[in-house]
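One structure is given here, and the rest of the page talks about it.
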Amino acid sequence: MKLRIYSILFLLCFTIYGYSQRRQLQEARVIIKSGKDFGKAEKLMTDLLKDSVNQNNMRIYDLWLQSVEKQYGLVNEQMYKKLSVDTTRLFMLTRRIFMIGERLDSIDMLPDKKGRVNLQYREDNAERLNTYRPNLFFGGAYHLRKNEFKKAFDFFEHYIDCDRQPLFSGYDYLNNDPRMSEAAYWATYCGYRLQDPVLTLRYAKMARRDSSKLEYTLQYATDSWAKLKDDSSYVATLYEGFRHFPKSGYFFPRIIDYYSSKGNYENALAVANEALSTDSLYPLFMLVKSTMLLNLGRNEECLDYSQRLIDVDSRIADAYYNAGTACLNLSLNMDSRIHKKQIRKIHQRALPYMEAYRRLAPQSQQKWAPALYRIYFNLNMGKQFDEIDKILKK
């Protein structure tokens, strides 16, 4: 008897709940048709979705989507009439439309008890949402102009993410939408401004397709790999940037600094030679080669190449320093008792280079003063030696 009573009560409650649900759905439909108070219709649906029983009810999601679309339409109409509107609200409604539409599609894809999938909403919803999609991009641009980089990133990411959503299968945005690479670039830029290397790198590969901004994309990616302490990816991205933009002030110097910091002067020289293959008279490339030859102890080559650089551009101070130092290095391995004349000649050869370096880089006293001290001492240049001696004692 008790079991029968419980069954009756359960059926009664279920019937009452079902009636309440149908009443709310009907009320939402009436509101949507009335042309006003669409926010109330949305709340009716979100309230229904608080109950786990309704989580996969497509009718609720469909009415929720319609109610938000109607709100979007009102704001859009006000903008068209050039009335004062909350632009942020328009873009937030756009994102909500996509969030609901994608959720509805994921439920629509669920197979029935026999494993069959019968898509009821996809085609119509995809066509409708596709018309709203540009506002995801414009929403990103809007927040970007306001320096709201996280919000901007989220909009650009949602714009890009449409390509992988089953809802838009067949649209092939990656290959058919020319804005995809631009959206990826701005997402990469936002990640960089947020100082978040993971966000920066998330769409950097896609952003490379935007050739007009490739140099910046590769710079942001390089910086991110450095923050993540991934040396192999850091160097690989530097090389990629260097080969696209050999004269950029970003990539070439950093590759050289990387190898130099590890004492790997052979690799640095190889990079310099590769750079020189693109422009054999570019002073920066020549100076790096001169410096690497000096670091490798290839002093005769360094001296000859430094003079070539001076002939190309006589204003580069370090070219004189490299030449003068190469001369002094050549004398280090000579026995002063046997090669006195040769040592003197080498110091005479170093003299004009190091004095020129002093004139061009007076602030680099720690480099030219000890060198000139040796030169003046070996050449018995008393007056000049006394001057340098005083400088060093200070």
Side-chain angles (χ1 to χ4, degrees), residues 238-239 241-261 263-334 339 341-379 381 384 387-388 391:
L238 278 177
Y239 266 108
F242 162 61
R243 283 166 180 157
H244 280 287
F245 309 99
K247 291 185 180 179
S248 166
Y250 185 92
F251 304 106
F252 177 76
R254 279 170 173 76
I255 298 177
I256 299 302
D257 286 346
Y258 176 81
Y259 286 130
S260 296
S261 68
N264 194 338
Y265 303 123
E266 287 287 359
N267 276 10
L269 179 60
V271 174
N273 283 329
E274 185 176 342
L276 286 162
S277 70
T278 67
D279 187 341
S280 63
L281 298 178
Y282 192 59
L284 175 61
F285 300 159
M286 296 183 74
L287 177 60
V288 170
K289 179 170 182 175
S290 162
T291 304
M292 293 308 117
L293 289 171
L294 182 66
N295 290 340
L296 288 166
R298 292 160 63 173
N299 295 299
E300 287 284 4
E301 292 177 73
C302 174
L303 180 55
D304 292 342
Y305 200 79
S306 297
Q307 184 57 58
R308 284 180 58 188
L309 173 55
I310 292 166
D311 293 340
V312 170
D313 190 337
S314 60
R315 299 165 298 176
I316 299 177
D318 283 337
Y320 295 95
Y321 176 79
N322 289 350
T325 304
C327 289
L328 294 176
N329 288 346
L330 288 170
S331 71
L332 291 177
N333 295 324
M334 294 183 177
H339 303 290
K341 288 184 179 179
Q342 292 93 324
I343 291 173
R344 181 176 177 80
K345 285 182 179 179
I346 289 173
H347 282 85
Q348 287 173 333
R349 194 174 180 186
L351 176 62
Y353 288 122
M354 207 55 73
E355 287 185 331
Y357 177 66
R358 179 183 181 180
R359 287 194 302 272
L360 292 168
Q363 73 285 358
S364 298
Q365 181 178 306
Q366 75 283 2
K367 293 173 72 175
W368 50 255
L372 286 173
Y373 182 92
R374 281 181 58 196
I375 293 169
Y376 293 148
F377 176 80
N378 280 281
L379 295 179
M381 298 174 69
Q384 292 87 342
E387 181 209 358
I388 291 296
I391 290 173

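Note that the coordinates shown come from a computational prediction; the quantities given were computed from them, not determined experimentally. The analysis underlying the following values was restricted to heavy atoms, covering all of them including side chains, and did not include hydrogens, waters or symmetry mates.
- More than 12 non-hydrogen atoms from other residues, nucleotides or ligands lie less than 6.0 angstrom from CZ of R243.
- The two residues F285 and P246 have their closest heavy-atom pair at CZ-O, 3.4 Å.
- For the atom pair CG (L269) and CG (N273), the distance works out to 4.5 Å, reported to the nearest 0.5 Å.
- Between the side chain of S277 and the backbone N or O of E274, at least one donor-acceptor pair lies under 3.5 Å.
- In this structure, CD1 on I343 lies 10.0 Å from CG on N333, to the nearest 0.5 angstrom.
- By the 30° and 60° cut-offs, the orientation of the rings of Y373 relative to F377 is parallel.
- A ring pair (Phe, Tyr, Trp, His ring centres under 6.0 Å) check over residues 296-316, counting only residues at least two apart or in different chains, returns nothing.
- For the pair D318 and Y357, the minimum side-chain heavy-atom distance is below 4.5 Å.
- Contact of the R349 side chain with the L303 side chain is registered, since non-hydrogen atoms from C-beta on lie closer than 4.5 Å.
- L379 places a side-chain heavy atom less than 4.5 Å from the side chain of R344.
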Please step through side chain to side chain donor-acceptor pair (under 3.5 Å) for the pair S290 and N322, ending with a clear verdict.
CA-CA 7 Å; S290 162; N322 289 350; 2.9 Å; yes
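- A350 approaches G324 most closely through the heavy-atom pair CB-O, 3.8 Å.
- Residues A319 and S306 approach most closely at O-CB, 3.6 Å, considering heavy atoms.
- If you take CG on L330 and CD1 on I346, they are separated by 5.5 Å, rounding to the nearest 0.5 Å.
- Two residues are said to be in side-chain contact when any heavy atoms from C-beta on lie closer than 4.5 Å; M286 and V288 fail this criterion.
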One pair to check against side chain to side chain donor-acceptor pair (under 3.5 Å): Y353 and Q307. What are the steps and the verdict?
CA-CA 10 Å; Y353 288 122; Q307 184 57 58; 2.5 Å; yes
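- Nearest approach of I388 to W368, heavy atoms of both residues: CD1-CZ3, 4.0 Å.
- Side chain of S331 to backbone of L328: a donor-acceptor contact under 3.5 angstrom is found.
- The shortest distance between side-chain heavy atoms of L351 and Y376 falls below 4.5 Å.
- The closest side-chain heavy-atom distance from Y320 to S314 is below 4.5 Å.
- Distance check, rounded to the nearest 0.5 Å: CG of D313 to CG of L284 gives 11.5 Å.
- Between the CZ atom of R254 and the CD1 atom of I256 there is a distance of 13.0 Å, given to the nearest 0.5 Å.
- The distance from atom CG of L296 to atom CD of E301, rounded to the nearest 0.5 Å, is 9.0 Å.
- Here the shortest heavy-atom pairing between L276 and K289 reads CD1-CD, 3.6 Å.
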For a side-chain contact (heavy atoms from CB on, under 4.5 Å) check, start with the C-alpha distance between Y265 and T291, then their side-chain angles and the critical distance, and finish with the verdict.
CA-CA 9 Å; Y265 303 123; T291 304; over 6 Å; no
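- Each side-chain hydrogen bond (donor to acceptor under 3.5 Å, both in side chains) pair with one or both residues in residues 244-253, not counting sequence neighbours, appears once here: E215-S248, K247-D279.
- Heavy-atom minimum distance, A272 versus F252: CA-CE1, 4.1 Å.
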